[in-house]
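Okay, so here's the structure we're looking at.
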Amino acid sequence: MLALVHDPTAPAALRRTELPDPVPAPGEALLAVSAASLNFLDVAYADAMYAVGAVPGVDAAGTVVTAAADGSGPPAGTRVSSFSMGGALATLRAVATDDLAVVPDGVEDAVAAALPAAGVTALRAVRRLGSVLGRRVLVTGAAGGVGRYAVQLAAAAGAHVVAQVGAPARAAGLRELGAADVIVSAVPADLAPVHGVIDNVGGPVLAAAVAVLAEDGVALAVGQASGLPTTIDFEAERRRGGRRAVEVFTVDTGHRGFGADIEDLLALVAAHRLDPQIGWRGSWERTAEAAEALRGRRVPGKAVVEISRAGG
Ligand SMILES: NC(=O)c1ccc[n+]([C@@H]2O[C@H](COP(=O)([O-])OP(=O)(O)OC[C@H]3O[C@@H](n4cnc5c(N)ncnc54)[C@H](OP(=O)(O)O)[C@@H]3O)[C@@H](O)[C@H]2O)c1
């Protein structure tokens, strides 16, 4: 198969090469990949995530070429979307049938590839907050992949969504997605209390978000895109009274397979209730360019690369 592999000496640490085709385990289907999307971890944590020579990428959509030997999952010829750690940026991918979902007619592969990691993270985070109907939810890093899905899903669940972005231009489109308020840069200390926080940024942004949590509110530390650690004054929190929670959120806690949640997201897209927010799209020959744009905070939402065996 043709693949991009992790190579710290190459542009964006990606080198194109031929590799042996993957050999699926009994519970895995083999996919012909047609589209993949990049995630923050692929551009920020690649050295830690991937061995030199490993195939990066967690999100891929394509068509089943060989169904799983154990009889699980869809038959050959079915279009699917998948979420698994590594292996997406290649023409073939072996993936556990638990971690893929069938793509409904009318949803194109590029859209299906945008959803998995960011969408499942946002979906599980919104669900983790419990009922947000009529409640205020703050989403930080709202311009990014997780952020744009979290804004839409929290709004769809009935929340009054406050979206935080780093610069005015990053706010583009967020109100159309359901944000009731948009705040640029710092979270103000006098922001009206929020029931839930979905924080993608960390550092002082998370500290400020915790400081505006309502009594019984929950802040989910989903990501630390700022790279900055967070200092929280828990003594001040104690003096405020009430009981608030700050939770380290991991999408695969109690991993039960991502397929069911990808299926839920695809159904929302098919019903035009979730917009995929593809902010960069192009051939996988331009993956390094897409990675640089994502790293440079120039992608509103997801960066999707289209994968073909020949040429581009
Ligand atoms: N816990 C989990 O299981 C899980 C799962 C998926 C992702 N994550 C994490 O969630 C975060 C968001 O992921 P994503 O896929 O949405 O990433 P993304 O699309 O790159 O978005 C990151 C957002 O963070 C903001 N940001 C603030 N400071 C930044 C900085 N110094 N560098 C880059 N971005 C900065 C950016 O918005 P502005 O430019 O407007 O500031 C950007 O919209 C990442 O930290 C990722 O590692 C965690």
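These values consider heavy atoms only, across backbone and side chains, with no hydrogens, waters or symmetry-generated copies. As the structure lists them, so they are numbered: ligands from 1, and atoms in each ligand from 1.
Salt-bridge formation is not detected for the pair D216/R244: no Lys NZ or Arg NE/NH1/NH2 atom is positioned less than 4.0 Å from an Asp or Glu carboxylate oxygen. Remark: R127 engages D264 in a salt bridge, criterion side-chain N to carboxylate O under 4.0 Å. Under the 4.0 Å criterion applied to side-chain N and carboxylate O atoms, R297 and E292 are not assigned as salt-bridge partners.
For atom 18 (P) of ligand 1, the nearest non-hydrogen atom from the set A44, G145, G223, A125 belongs to G145. Ranked by closest heavy atom to atom 25 (C) of ligand 1, the top entry among L294, T140, V201 is V201. Selection from R295, R170, K302, R297 by nearest heavy atom to atom 42 (C) of ligand 1 gives R170.
Every N/O-N/O distance between A118 and ligand 1 stays at or above 3.5 Å. On a distance-only criterion, G166 and ligand 1 share at least one N/O pair closer than 3.5 Å. Between V146 and ligand 1, an N or O atom pair is found at a separation short of 3.5 Å. At under 3.5 Å, a nitrogen or oxygen of V222, whether backbone or side chain, sits near a nitrogen or oxygen of ligand 1. Distances between N or O atoms of L41 and those of ligand 1 include no value under 3.5 Å. Residue-to-ligand polar distances place V251 within reach of ligand 1: an N/O pair is separated by less than 3.5 Å.
Within ligand 1, the atoms closer than 4.0 Å to a non-hydrogen atom of F249 are 1 (N), 2 (C), numbered from 1 in the order shown. Residue T250 has at least one heavy-atom neighbour below 4.0 Å for each of these atoms of ligand 1: 1 (N), 3 (O). Atoms of ligand 1 found under 4.0 Å from any heavy atom of V165 (numbered from 1 in listed order, with element): 40 (O). When each atom of ligand 1 is checked for a heavy atom of G141 under 4.0 Å away, the hits are 43 (O). Atoms of ligand 1 lying under 4.0 Å from any heavy atom of G144, numbered from 1 in the order shown and given with element: 16 (O), 19 (O), 21 (O), 43 (O). Shown in contact with Q224 at under 4.0 Å from a heavy atom are these atoms of ligand 1, numbered in order with element: 45 (O). Set against the non-hydrogen atoms of Y45, the atoms of ligand 1 under 4.0 Å away are 47 (O).
Of the inter-residue distances, the one linking R240 atom CZ with E215 atom CD reads 9.0 Å to the nearest 0.5 angstrom.
Taking a 6.0 Å sphere around CZ of R286, one finds it holds more than 12 heavy atoms contributed by other residues, nucleotides or ligands.
Proximity of a side-chain donor or acceptor of S82 to a complementary backbone N or O of V95 within less than 3.5 Å is not detected. Looking at Y50, its side chain never comes within 3.5 Å of a backbone N or O of D7 through a donor-acceptor pair.
Between Y45 and F40, the distance from one ring center to the other falls under 6.0 angstrom.
Annotation: ring-ring contact (aromatic ring centres under 6.0 Å, His included) contacts involving residues 63-106, sequence neighbours excluded, comprise F83-F258.
Of all the heavy atoms of A225, the ones lying under 4.0 Å from any atom of ligand 1 are found in both the backbone and the side chain. Using a 4.0 Å cut-off between heavy atoms, N200 contacts ligand 1 through both its backbone and its side chain.
Contact annotation: the side chain of V137 never approaches that of V197 to less than 4.5 Å [non-hydrogen atoms, C-beta and beyond].
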